[in-house]
Number of protein chains: 2
Amino acid sequence: MTMKNNPHINKALDVLKKSPLKLTTQRTRLIEILFKNGDQHFTAEDVYKEVNKYRYKISLATIYNCLNQFTKHEILKSVRLSGDKVYFDTNTERHHHFFCKSTEKLSDIKSSDVKISNLPKIPRGKKLESVEVVVNITD
Amino acid sequence: MTMKNNPHINKALDVLKKSPLKLTTQRTRLIEILFKNGDQHFTAEDVYKEVNKYRYKISLATIYNCLNQFTKHEILKSVRLSGDKVYFDTNTERHHHFFCKSTEKLSDIKSSDVKISNLPKIPRGKKLESVEVVVNITD
DNA sequence: TCTTAAATTAGAATAATTCTAATTTAATCT
DNA sequence: AGATTAAATTAGAATTATTCTAATTTAAGA
Ligand SMILES: [Mn+2]
Ligand SMILES: [Mn+2]
Ligand SMILES: [Zn+2]
Ligand SMILES: [Zn+2]
């Protein structure tokens, strides 16, 4: 009875099932672990450590493969910011972040909570892709 | 008569002279090259390639050392964003950026050109360090 | 000119991520 | 169910940006 019917997990598993990706043991296990507590931010290394606390082991290569595939299929979102590591985010909506330089942890800022005005026009010939706001904080 | 009295170069050299850093041939040369065209954004590797087009060679280790020291002494500013490489910026004022994912080039957005309102309050116990806006664009 | 702390350098080390190529497995097809 | 095969998993090697090490050189002051 290990935490059945968690809506975050089920939603992510549904997206996986509707994608062309195969439903493997590793992918199912990863989704169960990553989504069990709702919105989270983590690096590949975080996931590797967390996953391998359990009896079932997953290789680091597979963790990278899965996180990247999940991102491509919008089960996760990747967040790249100051620092060398890529963060993955269970929140795939458009939103912004606090980043604490002391703890190296991200937290969400709802897109609707920030109003950006007066943005200069996009350079000629280019098109807008996204606007990312990072609010850096410290302890 | 190699481009004497360029105000950008002179300003940067002045900051260097007022700092505790020694005035070496390599540092002077770097400042002459980096500041000759006003505001620029570049990676260490960019600088390495550019510098070594001239007869006077500077090692990659020295380029990293200098760029980092310059940043510490506010001759340059570092900009870290999506992607693995650190960018250095001759504009040390607070400002924001366009980042073109196709060309991997940065361009400036004046801080005063962007109005950010409704930012949620900083998490308890933390203090604000900076707000960075990156407008991602493509060709 | 002498002294010495700081700077430069080549090359080794590191760290996050991707790649390679061998093996296993999920899903489909008799 | 058993056979087939493209996709997935994996260990370990490779890659890339950056930092470190330790030997040598140099700037700046006495
Ligand atoms: Mn969240
Ligand atoms: Mn600029
Ligand atoms: Zn988030
Ligand atoms: Zn800039």
Side-chain angles (χ1 to χ4, degrees), chain A residues 13 16-34 41-52 54-73 75-89 99 104 106, chain B residues 13 16-34 41-52 54-73 75-89 99 104 106:
Chain A
L13 283 175
L16 175 56
K17 282 171 195 156
K18 276 182 212 116
S19 83
L21 301 177
K22 284 187 181 176
L23 190 66
T24 65
T25 319
Q26 289 86 344
R27 285 172 179 165
T28 304
R29 174 61 49 111
L30 278 172
I31 285 182
E32 284 170 357
I33 290 172
L34 304 179
H41 304 87
F42 38 77
T43 65
E45 199 62 42
D46 292 339
V47 175
Y48 185 63
K49 290 212 198 77
E50 172 72 12
V51 158
N52 290 309
Y54 302 87
R55 60 259 164 251
Y56 189 87
K57 306 294 176 195
I58 302 179
S59 78
L60 187 57
T62 297
I63 288 173
Y64 273 103
N65 290 341
C66 288
L67 294 178
N68 287 328
Q69 293 279 22
F70 288 176
T71 300
K72 197 171 318 185
H73 295 276
I75 294 167
L76 294 174
K77 185 170 145 50
S78 75
V79 182
R80 310 170 134 268
L81 39 76
S82 34
D84 34 4
K85 302 191 272 305
V86 174
Y87 288 78
F88 294 88
D89 192 336
F99 179 65
E104 299 202 305
L106 283 169
Chain B
L13 283 175
L16 175 56
K17 283 171 193 155
K18 278 181 211 116
S19 83
L21 301 177
K22 285 187 179 174
L23 190 66
T24 64
T25 319
Q26 289 86 344
R27 283 171 180 165
T28 304
R29 175 60 50 112
L30 278 173
I31 285 181
E32 285 170 356
I33 291 172
L34 303 179
H41 304 88
F42 38 76
T43 66
E45 199 62 41
D46 292 339
V47 175
Y48 184 63
K49 290 212 198 80
E50 172 72 13
V51 159
N52 290 307
Y54 302 86
R55 59 261 165 247
Y56 188 87
K57 305 293 175 195
I58 302 180
S59 78
L60 187 57
T62 297
I63 287 173
Y64 273 103
N65 290 341
C66 288
L67 295 178
N68 287 328
Q69 294 278 22
F70 288 176
T71 300
K72 197 172 317 183
H73 291 88
I75 294 167
L76 293 175
K77 183 170 148 47
S78 74
V79 181
R80 309 171 135 267
L81 38 76
S82 34
D84 35 5
K85 303 191 272 304
V86 174
Y87 288 77
F88 294 89
D89 192 338
F99 180 65
E104 299 202 308
L106 281 169

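Quantities reported herein were computed from a predicted structural model and do not represent experimental measurements. Within every chain, numbering begins at 1; the chains are lettered A, B, ... in the order of the sequence lines, protein sequences first and strands thereafter.
Taking atom CD of A/Gln26 as the reference point, atom P of C/dT23 lies 18 Å away to the nearest angstrom. As a whole-Å value, the separation of A/Ile63 CD1 from D/dG12 P is 16 Å. For the pair B/Glu104 CD and D/dA17 C1', the interatomic distance rounds to 13 Å; values are reported in whole Å. Taking atom CG of B/Asn52 as the reference point, atom P of C/dT9 lies 9 Å away to the nearest angstrom. Counting to the nearest Å, the P atom of D/dA11 and the CD1 atom of A/Ile58 are 11 Å from each other. What separates NZ of A/Lys85 from P of C/dT18 is a distance of 15 Å, to the nearest Å. Atom CG in B/Asn65 sits about 16 Å away from atom P in C/dG11, given to the nearest Å. Atom OH of B/Tyr48 is separated from atom C1' of C/dA10 by 10 Å (rounded to the nearest Å).
Along DNA chain C, the nucleotide closest to A/Leu23 and the one closest to B/Tyr56 are compared, and the more 5′ of them pairs with B/Tyr56.
Counting only heavy atoms from C-beta on, A/Tyr64 has its side chain closest to C/dT17 among D/dT10, C/dA7, C/dT17. Here the side chain of A/Asp84 is nearest to one of D/dT9, C/dA16, C/dT9, namely C/dA16. Of the candidate nucleotides D/dT10, C/dT17, C/dT9, C/dT9 has the atom lying nearest to any side-chain atom of B/Thr62. Comparing D/dA11, D/dT18, C/dT9 against the side chain of A/Ala61 picks out D/dA11 as the nearest. Listed nucleotides D/dT18, C/dA7, C/dG11 differ in distance to B/Leu21; the shortest reach to its side chain belongs to C/dA7.
Residue contacts for B/Asn68: at a heavy-atom cut-off of 4.0 Å it reaches the sugar-phosphate backbone alone, with no base atom in range. Contacts of B/Thr24 with the nucleic acid, taken as non-hydrogen atoms under 4.0 Å apart, involve only primed sugar atoms and P, OP1 or OP2. Within 4.0 Å (heavy atoms only), B/Thr43 reaches no atom of the nucleic acid at all. Within the nucleic acid shown, A/Lys22 comes within 4.0 Å of at least one base atom, counting heavy atoms only.
Partner of B/Arg27 under the side-chain contact (heavy atoms from CB on, under 4.5 Å) criterion, chosen from B/Leu16, B/Ile75, B/Asn65, B/Thr62: B/Leu16.
A/Asp46 and A/Thr43 share a side-chain donor-acceptor pair at under 3.5 Å.
Geometrically, A/Arg80 does not engage A/Tyr87 in a cation-pi contact defined by less than 6.0 Å to the ring centre and at most 45° from the axis.
A 4.5 Å side-chain heavy-atom check between A/Phe88 and A/Asn68 finds at least one atom pair inside the cut-off.
By the neighbour-count criterion of 12 heavy atoms within 6.0 Å, atom NZ of A/Lys72 is sparsely surrounded, having that number or fewer from other residues, nucleotides or ligands.
Put simply, A/Thr25 has no side-chain N or O that comes within less than 4.0 Å of OP1 or OP2 on C/dT25.
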